[in-house]
Colleague: 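This is the structure I want to talk about, given as structure tokens.
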Amino acid sequence: MTTQRQTLPDFLSTCRWAQSVSAEELQRVAGEIVEKKVPNGGYVCRRGEDVTSWIGVVDGLVKMSNLSPEGKLTTLTGVPSGGWFGEGSLLKDEPRRYDILALRDSRIVCMPRATFNRLLNTNIGFNRFLLVQLNERLGMFIALMENERLLEPDARVARSLGALFNPVLYPGIGRQIQISQEEIGFLAGVSRQRVNQALQVLEKAGLLRVEYGGVTVVDLSSLQTFGA
DNA sequence: TCATTAAATTGTT
DNA sequence: AACAATTTAATGA
């Protein structure tokens, strides 16, 4: 495992929203952010909780999921390293609507609501970032619906994986991601067996490499448009 | 460091 | 869903 210990300032410098924040302000923000480690399978936050912060993934992978009253688990989306989420719940001032689970040991940072609001009230660049982020996510969910309705399993797997490498939402993510085929199945809405089959097809097509417990993307744009 | 074992993940039916 | 094979992680000599 390449467990590189990235410092908080290092991480923040890779975040797009930080580009529009002055050095002094960023330092102040860094001091207000709380770091925490969440073990594989642990909760980053739970449905129904008060939303007290905006959440960033320094290293790791988390998923938003929802447990229905009948006990059916649905995975909505995954957030890899470099991603921030929860701005929707902060802006709406409502309890968190989904469980966030770590898919592997993850380093998480929490920006307190007060800090988030200060940036919102004082920094136009930050507001513009949020617009772009919300717009990008909206596009992602629309594409997701399209995928589920129109595409065959190979393409669903390809595009679900491709979405994890969205450069706008998750900048700085490499080409490799650690995720089990079972979890890819949850994200793509197909069985683990079918994921295995699809990954082999995609590997033969030269779009990615299959590894134990993860994949490395070789041709991202082809992956994101597979089946078009 | 090496060997053994358990746990996780993959590949196939 | 079940099973065997493979890879990794953990343990202790």
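Chain identifiers are assigned alphabetically (A, B, ...) following the order of the sequence lines, protein sequences preceding nucleic acid strands; residue numbering begins at 1 within each chain. All values derive from a computational prediction rather than experimental measurement.
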Colleague: If you link ILVMFWY side chains whenever their heavy atoms are less than 4.5 Å apart, which other residues fall into the same cluster as A/Tyr43? By chain and number, please.
Modeller: A/Leu101
Colleague: Which residues end up grouped with A/Val218 if you chain together Ile, Leu, Val, Met, Phe, Trp and Tyr wherever their side-chain heavy atoms are less than 4.5 Å apart?
Modeller: none
Colleague: How would you list all residue pairs meeting side-chain hydrogen bond (donor to acceptor under 3.5 Å, both in side chains) that involve residues 140-149 of chain A, not counting sequence neighbours?
Modeller: none
Colleague: Quick one: salt bridge (charged side-chain N to carboxylate O under 4.0 Å, His left out) partners of A/Glu35, sequence neighbours excluded?
Modeller: A/Arg107
Colleague: Got a sec, which hydrophobics cluster with A/Val21, joining ILVMFWY side chains under 4.5 Å apart, including via others?
Modeller: A/Leu8, A/Phe11, A/Leu12, A/Trp17, A/Leu26, A/Val29, A/Ile33, A/Val51, A/Trp54, A/Val58, A/Trp84, A/Leu90, A/Leu91, A/Val109, A/Met111, A/Phe116, A/Leu119, A/Leu120, A/Phe126, A/Phe129, A/Leu130, A/Leu134
Colleague: I'd like to compare against my own output: the B/S/- annotation of nucleotides 6-13 of chain B with a strict under-4.0 Å heavy-atom distance to protein.
Modeller: --BSBBBB
